[in-house]
Peer 1: 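What follows is a single structure, and I will ask about it in a moment.
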Amino acid sequence: MDPLTHTLAGANLASTRLGRKTPLAAAALVIGANLPDVDAILYFTGHRDFALEFRRGWTHGVLALVVLPFVLTGLLMLYARIRSARLQPGEVGLKPDPTQLLLLSSLAILTHPALDWLNTYGMRWLMPFRGTWSYGDSVYIMDPWLWLIFGAGVLASKRASAPVLVVFGVIAALLMWFVAPRRPEYIPVVAFVALVLLVALLWRAKRSWAPVALLVASCYIGARLLIHHATVRDVRRELPDATRVMTGPHPLDPTRWDIVAQTGDVYYQGRYSWRDRTLTLEPRAFPVAKESPEWSAARREPSIRGFMTWVRFPWYEVERRPDATIVRIGDARRRSGNVIQLTLPPSPRR
């Protein structure tokens with residue numbers, strides 16, 4: 001999921017009684033909900049493929065779920081000690097309970113891979129021991145309904161002070177800036193969500209709505225999982241010869257699902273609609289990647305090792321030129337983009 005969803009999930013937990021268990025509990029819940037994404041720092045190296053190889057791996061897998069809570073607890077305890085050392089006479093320092101911080105950190109960190117698993121990008125739960133990907137395929141990676149649910153849970157009980165309004169405006173603007181060039185048709189949806197959340201912020205509720213938001217979000221996710229399994233069942237009934245099926249969620253409409261199905265030597269893309277329970281396949285089919293000298297050479301290319309780790313439905317096409325061989329590699333789960341082009345030495349004549 002996107003950083004906003006993770007942050008809002010942690011903030012909702014912090015707005016419940018869990019956030020008052022011990023000093024720095026709220027920090028443990030919010031930071032912990034984002035901590036596994038520390039691997040995103042690798043994108044700042046300028047080597048996107050190298051960063052892609054590590055995404056949702058070491059810092060998201062079972063070993064990280066054991067180690068990261070101790071790391072976060074240690075950092076928070078260190079912060080409390082440094083702050084206490086700088087107190088003036090008569091001031092009271094922070095005295096967090098390390099056991100409580102550890103438990104809360106564990107809970108918050110666990111929410112991160114659990115949410116990440118829900119989308120078509122997937123998760124590598126057993127890293128670093130095993131790199132197998134697992135996919136929930138049920139919730140879109142940037143789900144506006146989760147923004148709405150989680151955001152309302154946090155903001156409904158906040159006081160609309162000037163700093164809070166400024167932060168709200170900055171986050172809304174950043175979302176617009178991020179979505180506009182990628183999916184401009186979703187700008188009205190982002191604007192609608194921002195408007196509803198602004199109303200929630202100005203409402204000044206007298207009680208915390210975070211527990212309700214967490215319950216509603218859990219029911220929403222559960223419903224998405226059930227619809228996903230039912231969609232897979234219906235698609236397999238329509239395509240009895242399919243050996244692999246992916247049903248990906250639509251970002252707005254729970255009744256629309258993107259389909260990728262492998263039948264024989266090709267992948268088909270399509271849509272399934274629950275409104276009329278129809279499956280529509282697109283005319284273009286992508287060839288399933290099969291062994292060939294070009295495919296073997298492309299897979300060994302160091303510059304795409306991360307992409308090859310991440311790819312789920314690989315396909316490729318070869319263009320032979322007198323001076324070079326062009327290999328284009330893609331993933332059938334992506335409707336557009338993410339096509340890698342490699343230039344290899346010319347293929348030997350057959």
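As the structure is a computational prediction, the values presented were derived from the model and not from experiment.
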Peer 1: Step through it carefully: locate the ring centre of W315, locate the ring centre of F313, and say whether they are under 6.0 Å apart.
Peer 2: no
Peer 1: Indicate the atoms forming the closest heavy-atom contact of W133 with Y135, along with that distance.
Peer 2: CB-OH, 3.2 Å
Peer 1: Is there a donor in the side chain of R305 and an acceptor in the side chain of T309, or the other way round, less than 3.5 Å apart?
Peer 2: no
Peer 1: Distance to the ring centre below 6.0 angstrom and angle to the axis at most 45 degrees; does that hold for R224 and W257?
Peer 2: yes
Peer 1: Within the 4.5 Å heavy-atom criterion, are P314 and Y267 side-chain neighbours or not?
Peer 2: yes
Peer 1: Using only heavy-atom distances, determine whether the side chains of R159 and S161 contain a donor-acceptor pair under 3.5 Å.
Peer 2: no
Peer 1: Do P36 and I109 come within less than 4.5 Å of each other through their side chains, counting heavy atoms only?
Peer 2: yes
Peer 1: So, applying side-chain contact (heavy atoms from CB on, under 4.5 Å) with D37, which one of R56, R55, M1 is it?
Peer 2: R55
Peer 1: Checking R312 against W310: charged group under 6.0 Å from the ring centre and within 45 degrees of the axis?
Peer 2: no
Peer 1: If we only count heavy atoms from C-beta on, is the P96 to M77 side-chain gap below 4.5 Å?
Peer 2: yes
Peer 1: Could you state the interatomic distance from OH (Y140) to CG (D253), rounded to the nearest 0.5 Å?
Peer 2: 13.5 Å
Peer 1: Tell me the closest heavy-atom pair linking L18 and A25, and the distance in Å.
Peer 2: O-CB, 3.5 Å
Peer 1: When you compare the side chain of L281 with that of L239, does any pair of heavy atoms fall below 4.5 Å?
Peer 2: yes
Peer 1: Could you tell me whether R48 atom CZ has more than 12 heavy atoms of other residues or ligands within 6.0 Å of it?
Peer 2: no
Peer 1: Under the 3.5 angstrom rule, does the side chain of S303 hit a backbone N or O of E301 as a donor-acceptor pair?
Peer 2: no
Peer 1: Within a radius of less than 6.0 Å around CZ of R81, do more than 12 heavy atoms belonging to other residues, nucleotides or ligands occur?
Peer 2: no
Peer 1: Starting from the C-alpha separation in whole Å, work towards a yes-or-no answer on side chain to side chain contact (heavy atoms under 4.5 Å, CB included) for V67 and L63.
Peer 2: CA-CA 6 Å; V67 174; L63 183 61; 4.1 Å; yes
Peer 1: Measure the spacing between OG1 of T16 and CG of N12 and express it to the nearest 0.5 Å.
Peer 2: 8.5 Å
Peer 1: Could you tell me if the side chain of Y186 sits less than 4.5 Å from the side chain of M142, heavy atoms only?
Peer 2: no
Peer 1: With a 3.5 Å distance limit and no angle check, can you tell me whether Y316 reaches the backbone of K290 through a side-chain donor-acceptor pair?
Peer 2: yes
Peer 1: If I take atom CG from residue L29 and atom OG from residue S105, how far apart are they, to the nearest 0.5 angstrom?
Peer 2: 7.5 Å
Peer 1: For the hydrophobic clusters of this structure (ILVMFWY residues joined by side-chain heavy atoms under 4.5 Å, transitively), does one cluster hold both V30 and L75?
Peer 2: no
Peer 1: Cut-off 3.5 Å, side chains only: do T22 and D97 have a donor facing an acceptor?
Peer 2: no
Peer 1: Hey, any chance L13 and L103 share a hydrophobic cluster, counting ILVMFWY side chains that come within less than 4.5 Å of each other, even indirectly?
Peer 2: no
Peer 1: Check this for me: W58, atom CH2, are more than 12 non-hydrogen atoms of other residues, nucleotides or ligands nearer than 6.0 Å?
Peer 2: no
Peer 1: Just by distance, do the side chain of E291 and the backbone of S296 share a donor-acceptor pair under 3.5 Å?
Peer 2: no
Peer 1: Please determine whether salt bridge (Lys or Arg N to Asp or Glu O under 4.0 Å) holds for the pair D137 and R333, giving the CA-CA distance in whole Å, both sets of side-chain angles, and the decisive distance to 0.1 Å.
Peer 2: CA-CA 11 Å; D137 291 341; R333 68 179 149 166; over 6 Å; no
Peer 1: Are W117 and L4 co-members of a hydrophobic cluster defined by side-chain heavy atoms under 4.5 Å apart?
Peer 2: yes
Peer 1: If you measure from CG on L76 to CG on L24, what distance do you get to the nearest 0.5 Å?
Peer 2: 5.5 Å
Peer 1: Are there more than 12 heavy atoms of other residues, nucleotides or ligands under 6.0 Å from atom CZ of F70?
Peer 2: no
Peer 1: For side chain to side chain contact (heavy atoms under 4.5 Å, CB included), just list the numbers for W295 and I329, CA-CA rounded to whole Å, side-chain angles, deciding distance to a tenth of an Å, and then say yes or no.
Peer 2: CA-CA 9 Å; W295 179 236; I329 305 171; 3.9 Å; yes
Peer 1: So do W274 and T231 actually touch side chain to side chain, heavy atoms under 4.5 Å?
Peer 2: yes
Peer 1: Rounded to the nearest 0.5 Å, what separates atom CG in L107 from atom CG in L102?
Peer 2: 11.5 Å
Peer 1: Using side-chain heavy atoms (C-beta onward) and a distance below 4.5 Å, is T255 in contact with I227?
Peer 2: no
Peer 1: Checking W145 side chain against L252 main chain: does a donor-acceptor pair fall under 3.5 Å?
Peer 2: yes
Peer 1: Give the minimum heavy-atom separation between P69 and S106, together with the two atoms involved.
Peer 2: CB-OG, 3.3 Å
Peer 1: Let's go through D39 and H60 carefully: what are the C-alpha distance in whole Å and the side-chain angles of both, what is the deciding distance for side chain to side chain contact (heavy atoms under 4.5 Å, CB included) to 0.1 Å, and is it a yes or a no?
Peer 2: CA-CA 9 Å; D39 59 359; H60 287 62; 3.5 Å; yes
Peer 1: Grab the two heavy atoms, one from V154 and one from A11, that are nearest each other, plus how far apart they are.
Peer 2: CG2-CB, 3.6 Å
Peer 1: What closest approach, in Å, do V288 and G264 show between heavy atoms, and which atom pair accounts for it?
Peer 2: CG2-O, 4.2 Å
Peer 1: Side chain of N34, backbone of I31: donor and acceptor closer than 3.5 Å?
Peer 2: no
Peer 1: When hydrophobic residues are tied together by side-chain contacts of less than 4.5 Å, even through go-betweens, does V66 share a cluster with M127?
Peer 2: no
Peer 1: Evaluate the side-chain proximity of E317 to F286: yes if any heavy-atom separation is below 4.5 Å, no if none is.
Peer 2: no
Peer 1: Parallel, tilted or perpendicular: which one describes the rings of H6 and H112, with boundaries at 30° and 60°?
Peer 2: parallel
Peer 1: Can you tell me if R237 has over 12 outside heavy atoms packed within less than 6.0 Å of its CZ?
Peer 2: yes
Peer 1: Under the side chain to side chain contact (heavy atoms under 4.5 Å, CB included) criterion, do L126 and T132 qualify, and how do the steps go?
Peer 2: CA-CA 7 Å; L126 298 180; T132 304; 5.7 Å; no
Peer 1: Under 3.5 Å, side chain of H47 to main-chain N/O of D49, donor-acceptor pair present?
Peer 2: no
Peer 1: Do T111 side-chain atoms and A33 backbone N/O form a donor-acceptor pair below 3.5 Å?
Peer 2: no
Peer 1: Could you grab the distance from atom OG1 of T278 to atom CZ of R271, nearest 0.5 Å is fine?
Peer 2: 12.0 Å
Peer 1: Would you name the heavy atoms of A285 and Y268 that are closest together and state the gap between them?
Peer 2: CB-CE2, 3.7 Å
Peer 1: Looking only at side chains, do T5 and D2 share a donor and an acceptor under 3.5 Å apart?
Peer 2: yes
Peer 1: Indicate, with yes or no, if V167 and V164 share a hydrophobic cluster defined by side-chain heavy-atom contacts under 4.5 Å among Ile, Leu, Val, Met, Phe, Trp and Tyr.
Peer 2: yes
